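One structure is given below, encoded as structure tokens.
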Amino acid sequence: MVVRTVDLRSDTVTKPTEAMRNAMANAEVDDDVLGYDPTAQRLEAEMARITGKEAGLFVPSGTMGNLISVLTHCQIRGSEIILGDYSHIHIYENGGISTLGGVHPRTVKNNEDGTMDLDLIEAAIRDPSFEICYPTTRLICLENSQAHSGGRCLSAEYTDKVGELAKKYGLKLHIDGARIFNASVALGVPVHRLVQAADSVSVCLSKGLGAPVGSVVVGSKSFIARAKILRKTLGGGMRQIGVLCAAAFTALQENLVKLEGDHRKAKILAAELNKIKGLKVDVATVETNIVYCDILKGSRISETELVKTLEQYGLLILPEGPLRVRFVLHHQISESDVHYAVSCLQRSLAGVAEENGDK
């Protein structure tokens with residue numbers, strides 16, 4: 001019988017705090033589709049301030065935030081965007097930009113640190129003189145932090161260079177900032193500086209910050225005005241959303257200061273996992289709250305078998321491809337939970353070794 005649960009599947013699994021629930025219960029609300037919800041307005045204005053943009057728009061999810069941003073920049077069907085081959089938009093968002101917007105993705109290889117080589121981005125931009133055959137490049141997308149690369153952070157200097165490249169060719173730059181606050185804390189650089197070169201950013205509030213729902217898209221006033229229409233088209237226009245925005249605002253106040261601790265615990269976990277026979281973690285690449293762990297072939301256990309074994313101890317993680325698993329830290333994971341997770345891995349791998357007669 002499981003007596004303890006440690007959930008490291010994602011930073012999206014957190015439960016609303018008591019302060020968030022109180023804020024939701026007492027939120028001042030009105031009809032946001034009509035533009036009158038005061039709590040939504042307050043949150044959107046605060047997110048615009050933090051990111052250094054003119055305006056913000058609350059949306060139900062990061063996927064919708066990215067979709068709205070891409071479609072606002074690419075209003076002509078057959079437009080093309082350049083993005084990483086390991087980007088969240090490309091892999092994990094149901095191909096929405098193509099399905100709903102007729103937007104064509106052109107991928108560039110993501111390096112291990114989450115960047116894309118500038119020369120490869122430039123080479124991917126279509127020659128407009130051959131538009132009789134080519135789609136038209138209109139947008140470049142970055143992701144910071146880059147989840148599939150293990151939560152690696154893109155520097156302001158790198159983002160500036162991509163922004164300069166976009167301007168050179170008359171393109172726009174969008175940043176999927178699902179974990180931009182993690183990147184900001186890890187790099188010691190304010191959010192507004194990290195996204196200074198971007199025309200739009202989608203910022204998730206229900207990951208590291210721990211809000212129950214929501215993201216905010218930020219950009220110029222004219223961009224947000226167009227984005228608001230698309231939000232309604234996609235079914236994201238909601239009425240008294242101050243109930244949700246109040247929780248998100250509280251998350252900003254409560255949990256932003258806790259991200260550094262999440263990163264520290266992730267580094268502890270990575271170092272301890274790397275000591276377990278049969279596992280390997282590239283500790284130097286753990287920059288934020290995500291830890292990827294490789295299972296060595298000689299361990300005689302697959303990623304799905306390991307996940308199922310760990311469930312028996314109450315440790316929840318996700319498989320991340322052949323012989324790889326993922327751990328994500330968040331503010332409701334204590335250092336004691338980290339050490340418990342390590343002990344579960346130790347017991348699971350030791351049990352496999354005993355079954356196979358290894359000593």
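Just so you know, these numbers use all the heavy atoms, side chains as well, and skip hydrogens, waters and symmetry mates. Please read all numbers here as calculations on a predicted model, not as lab measurements.
- Counting heavy atoms from C-beta on, the side chains of F181 and L209 come closer than 4.5 Å.
- Here SG of C344 is found 10.5 Å from CD of Q312. Values are rounded to the nearest 0.5 Å.
- Ion pairing of K228 with D32 is absent here, as no side-chain N (NZ or NE/NH1/NH2) approaches a carboxylate O to less than 4.0 Å.
- Considering CG of L315 and OH of Y340, their distance stands at 7.5 Å, rounded to 0.5 Å.
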*May I have the step-by-step check of side chain to side chain contact (heavy atoms under 4.5 Å, CB included) for L279 and D294, ending in yes or no?*
CA-CA 6 Å; L279 300 179; D294 292 315; over 6 Å; no
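- The number of heavy-atom neighbours closer than 6.0 Å to CD of E131, taken from other residues, nucleotides and ligands shown, is 12 or below.
- E303 places no side-chain N or O within 3.5 Å of a backbone atom of I295 that could act as its donor or acceptor partner.
- Cation-pi geometry between R4 and Y313 is not satisfied (NZ or CZ under 6.0 Å from the ring centre, within 45° of the ring normal).
- The shortest non-hydrogen separation linking S10 to H330 is O-CD2, 3.4 Å.
- For the pair Q240 (side chain) and V29 (backbone), a donor-acceptor distance under 3.5 Å is absent.
- Salt bridge status for K167 with E164: absent, with no side-chain N to carboxylate O gap under 4.0 Å.
- Within 6.0 Å of the CD atom in E260, the count of heavy atoms belonging to other residues, nucleotides or ligands does not exceed 12.
- In terms of heavy-atom proximity, A186 sits nearest to C153 at CB-SG, 3.8 Å.
- Considering only heavy atoms from C-beta on, M116 comes within 4.5 Å of L142 through its side chain.
- Applying the 6.0 Å contact sphere to CD of E122 captures more than 12 heavy atoms from other residues, nucleotides or ligands.
- N66 and E93 are linked by a side-chain donor-acceptor pair at a separation below 3.5 angstrom, with hydrogens and angles left out of the test.
- Taking the charged nitrogens against the carboxylate oxygens, E80 and R138 have no contact shorter than 4.0 Å, which rules out a salt bridge.
- Heavy-atom minimum distance, G208 versus H331: O-CD2, 4.4 Å.
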*asked:* Could you go through Y292 and V281, starting from their C-alpha distance and side-chain angles, then the distance that decides it, and tell me whether this counts as side chain to side chain contact (heavy atoms under 4.5 Å, CB included)?
replied: CA-CA 7 Å; Y292 282 122; V281 177; over 6 Å; no
*Verify side chain to side chain contact (heavy atoms under 4.5 Å, CB included) between L8 and L316, making sure each step is shown before the conclusion.*
CA-CA 6 Å; L8 299 176; L316 307 179; over 6 Å; no
*asked:* Evaluate R264 against E335 for salt bridge (Lys or Arg N to Asp or Glu O under 4.0 Å), listing each step before the verdict.
replied: CA-CA 9 Å; R264 179 181 58 82; E335 194 164 327; 2.9 Å; yes
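- Under the 4.5 Å side-chain heavy-atom criterion for grouping Ile, Leu, Val, Met, Phe, Trp and Tyr, I89 is connected to L67 within one hydrophobic cluster.
- N274 contributes no side-chain N or O that, together with a main-chain N or O of K280, makes up a donor-acceptor pair within less than 3.5 Å.
- Atom NZ of K267 has more than 12 heavy atoms from other residues, nucleotides or ligands within 6.0 Å.
- The heavy-atom pair separating A197 from L173 by the smallest distance is O-CD2, 3.7 Å.
- Side-chain contact between I81 and I140 is absent, with no heavy atoms from C-beta onward closer than 4.5 Å.
- Transitive grouping of hydrophobic side chains (ILVMFWY, heavy atoms separated by less than 4.5 Å) brings V338 and V325 into a common cluster.
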*asked:* For K308 and E311: C-alpha separation, side-chain torsions, deciding distance, then whether salt bridge (Lys or Arg N to Asp or Glu O under 4.0 Å) applies.
replied: CA-CA 5 Å; K308 288 185 180 298; E311 283 180 5; 5.6 Å; no
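- A donor-acceptor pair under 3.5 Å is formed between the side chain of D37 and the backbone N or O of D30.
- Interatomic distance, I82 CD1 to L171 CG, rounded to the nearest 0.5 Å: 6.5 Å.
- Residues G210 and A251 come closest through the heavy atom pair C-CB, 4.4 Å.
- Annotation: the span from I76 atom CD1 to L71 atom CG amounts to 13.0 Å, rounded to 0.5 Å.
- Under a 3.5 Å cut-off, the side chain of T288 and the backbone N or O of G151 do form a donor-acceptor pair.
- Few gaps surround NZ on K258; more than 12 heavy atoms of other groups in view lie less than 6.0 Å from it.
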*Chi angles and distances behind the side chain to side chain donor-acceptor pair (under 3.5 Å) call for H104, S98*: CA-CA 6 Å; H104 186 260; S98 301; over 6 Å; no
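- Contact between T99 and N94 at its shortest, heavy atoms only, is OG1-O, 3.9 Å.
- Between D160 and R193, at least one side-chain N (NZ, or NE/NH1/NH2) sits under 4.0 Å from a carboxylate O, which counts as a salt bridge.
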*Just do the side chain to side chain contact (heavy atoms under 4.5 Å, CB included) check on F223 and S69 with the steps written out, would you?*
CA-CA 9 Å; F223 174 87; S69 298; 4.1 Å; yes
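- A distance of 7.5 Å separates OG in S155 from CG in L187, rounded to the nearest 0.5 Å.
- Within the 3.5 Å criterion, the main-chain N or O of P212 finds no donor-acceptor partner in the side chain of S206.
- Side-chain atoms of N26 come within 3.5 Å of backbone atoms of N22 as a donor-acceptor pair (strictly under, hydrogens ignored).
- Between D31 and R239 there is a salt bridge, with a side-chain nitrogen of the basic residue lying less than 4.0 Å from a carboxylate oxygen of the acidic one.
- Side-chain atoms of T51 and H192 form no donor-acceptor pair, as typed in the model, at a separation below 3.5 Å.
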_Quick one, S220 with S222, criterion side chain to side chain donor-acceptor pair (under 3.5 Å). Give me CA distance, side-chain angles, the key distance, then yes/no._
CA-CA 5 Å; S220 67; S222 60; 3.2 Å; yes
_Trace of the side chain to side chain donor-acceptor pair (under 3.5 Å) decision for S145 with E287_ = CA-CA 9 Å; S145 64; E287 296 178 357; over 6 Å; no
*Report the C-alpha distance between K109 and D117 in whole Å, list the side-chain angles of each, state the deciding distance to 0.1 Å, and finish with yes or no for salt bridge (Lys or Arg N to Asp or Glu O under 4.0 Å).*
CA-CA 8 Å; K109 178 180 172 55; D117 289 345; over 6 Å; no
*Check the pair H263, N182 against side chain to side chain donor-acceptor pair (under 3.5 Å), reporting the backbone distance first and the verdict last.*
CA-CA 8 Å; H263 300 174; N182 291 91; 3.0 Å; yes
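- For the atom pair M20 CE and Q253 CD, the distance stands at 10.5 Å (nearest 0.5 Å).
- Contact of the V307 side chain with the I317 side chain is registered, since non-hydrogen atoms from C-beta on lie closer than 4.5 Å.
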